[in-house]
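Here the structure comes first, spelled out in structure tokens, and everything after it is commentary.
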Amino acid sequence: MKNYEIMFIIRPTLSEDEVKKVVTNFKKVITDNGSKVTEVKEMGQRELAYEIKKCKSGYYFVFEVEAKDDKAVKEFDRLGLISGDMIRHLITKIEK
């Protein structure tokens with residue numbers, strides 16, 4: 001099993017319900033592709049060090065993912081780049 005940590009930032013202009021919907025949709029992307037989200041950390045809204053896509057703050061989330069292969073992570077990456085709701089994301093492989 002491979003372990004990954006996915007940190008992503010969601011636009012601050014979304015309502016609380018819309019933010020939850022985006023997080024749920026991206027969690028579903030992981031589970032639909034044969035991986036398991038072991039932990040979800042909501043870090044709240046924070047100021048960004050510099051402006052990204054005309055946003056000065058964003059909602060931070062961290063997923064810890066357990067995967068057999070990198071199919072789910074690659075799909076998350078692809079959809080994260082396309083999504084207008086996600087400002088940035090970072091996928092890190094964790095060695096245990």
Side-chain angles (χ1 to χ4, degrees):
M1 287 291 212
K2 297 177 183 177
N3 294 297
Y4 296 93
E5 184 177 85
I6 303 173
M7 192 279 300
F8 58 98
I9 307 169
I10 297 176
R11 286 192 175 283
T13 55
L14 300 178
S15 70
E16 190 175 322
D17 291 335
E18 291 172 321
V19 169
K20 287 181 183 177
K21 185 178 177 185
V22 170
V23 172
T24 304
N25 288 342
F26 277 103
K27 189 174 180 182
K28 189 175 183 321
V29 168
I30 298 289
T31 55
D32 286 352
N33 284 289
S35 295
K36 182 175 145 187
V37 177
T38 56
E39 189 174 349
V40 177
K41 296 178 190 171
E42 183 177 342
M43 301 173 72
Q45 187 173 6
R46 296 181 177 199
E47 291 293 317
L48 301 174
Y50 53 90
E51 193 172 296
I52 303 171
K53 296 184 182 179
K54 299 182 181 177
C55 295
K56 295 184 180 191
S57 67
Y59 295 101
Y60 282 68
F61 290 88
V62 177
F63 284 173
E64 289 187 14
V65 177
E66 207 172 78
K68 294 177 186 171
D69 54 22
D70 60 353
K71 180 182 173 189
V73 174
K74 284 184 177 180
E75 183 65 10
F76 184 98
D77 188 35
R78 185 183 76 80
L79 293 174
L81 291 171
I82 295 170
S83 174
D85 296 328
M86 191 179 294
I87 300 171
R88 277 279 156 83
H89 67 279
L90 176 68
I91 301 170
T92 308
K93 185 175 179 183
I94 301 171
E95 299 294 330
K96 286 190 177 182

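Worth saying up front: this structure is predicted, and the values here are computed from it rather than measured. When reading the values below, keep in mind they use all heavy atoms of this one structure, side chains included, and skip hydrogens, waters and symmetry mates.
Contact of the Lys56 side chain with the Leu48 side chain is not registered, since no non-hydrogen atoms from C-beta on lie closer than 4.5 Å. Contact annotation: the side chain of Val19 never approaches that of Asp85 to less than 4.5 Å [non-hydrogen atoms, C-beta and beyond]. In this structure, His89 and Met7 have side chains that are not in contact, with every pair of non-hydrogen atoms separated by 4.5 Å or more. In this structure the side chain of Lys54 reaches within 4.5 angstrom of the side chain of Glu51, judged on heavy atoms. Side-chain contact between Ile6 and Val62: absent, with no pair of heavy atoms (C-beta onward) separated by less than 4.5 Å. In this structure, Met86 and Phe76 have side chains that are in contact, with non-hydrogen atoms separated by less than 4.5 Å.
Counting non-hydrogen atoms of other residues, nucleotides and ligands closer than 6.0 Å to NZ of Lys2 gives a total above 12.
Applying the side-chain hydrogen bond (donor to acceptor under 3.5 Å, both in side chains) definition to pairs two or more places apart or across chains, those involving residues 32-41 are Lys28-Asp32, Lys41-Glu64.
Nearest heavy atom pair, residue Gly84 against residue Arg11, reads O-NE, 2.7 Å. Residues Tyr4 and Ala67 share a closest heavy-atom pair of CE1-CB, 4.2 Å.
A donor-acceptor pair is defined here as one N or O able to donate and one able to accept, closer than 3.5 Å; no such pair exists between the side chain of Arg46 and the backbone of Gly58.
Taken from CD1 in Ile30 to CG in Asn25, the straight-line distance is 12.5 Å, to the nearest 0.5 Å. Here Ile9 contributes atom CD1 and Ile52 contributes atom CD1; the two are 5.0 Å apart, rounded to the nearest 0.5 Å. In this structure, CD in Glu5 is found 14.5 Å from NZ in Lys93, a value given to the nearest 0.5 Å. Tyr50 OH to Cys55 SG: the interatomic distance, rounded to the nearest 0.5 Å, is 13.0 Å.
Of the N and O atoms on the side chains of Ser57 and Gln45, at least one donor lies less than 3.5 Å from an acceptor on the other residue.
Between Glu75 and Arg78, at least one side-chain N (NZ, or NE/NH1/NH2) sits under 4.0 Å from a carboxylate O, which counts as a salt bridge.
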**Request:** For the pair Phe26 and Phe63, evaluate ring pair (Phe, Tyr, Trp, His ring centres under 6.0 Å) and give the outcome as yes or no after the intermediate values.
**Result:** CA-CA 10 Å; Phe26 277 103; Phe63 284 173; 8.1 Å; no
**Request:** Verify side chain to side chain contact (heavy atoms under 4.5 Å, CB included) between Ile10 and Ile87, making sure each step is shown before the conclusion.
**Result:** CA-CA 6 Å; Ile10 297 176; Ile87 300 171; over 6 Å; no
**Request:** Go through the steps for Arg88 and Lys53 under the test side chain to side chain contact (heavy atoms under 4.5 Å, CB included), then give the verdict.
**Result:** CA-CA 9 Å; Arg88 277 279 156 83; Lys53 296 184 182 179; 6.0 Å; no
**Message:** Between Val23 and Tyr59, does the side chain to side chain contact (heavy atoms under 4.5 Å, CB included) criterion hold? Intermediate values first, please.
**Reply:** CA-CA 10 Å; Val23 172; Tyr59 295 101; over 6 Å; no
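Hydrophobic clustering places Leu14 together with Leu79 (ILVMFWY residues linked when any side-chain heavy atoms are closer than 4.5 Å, directly or through intermediates).
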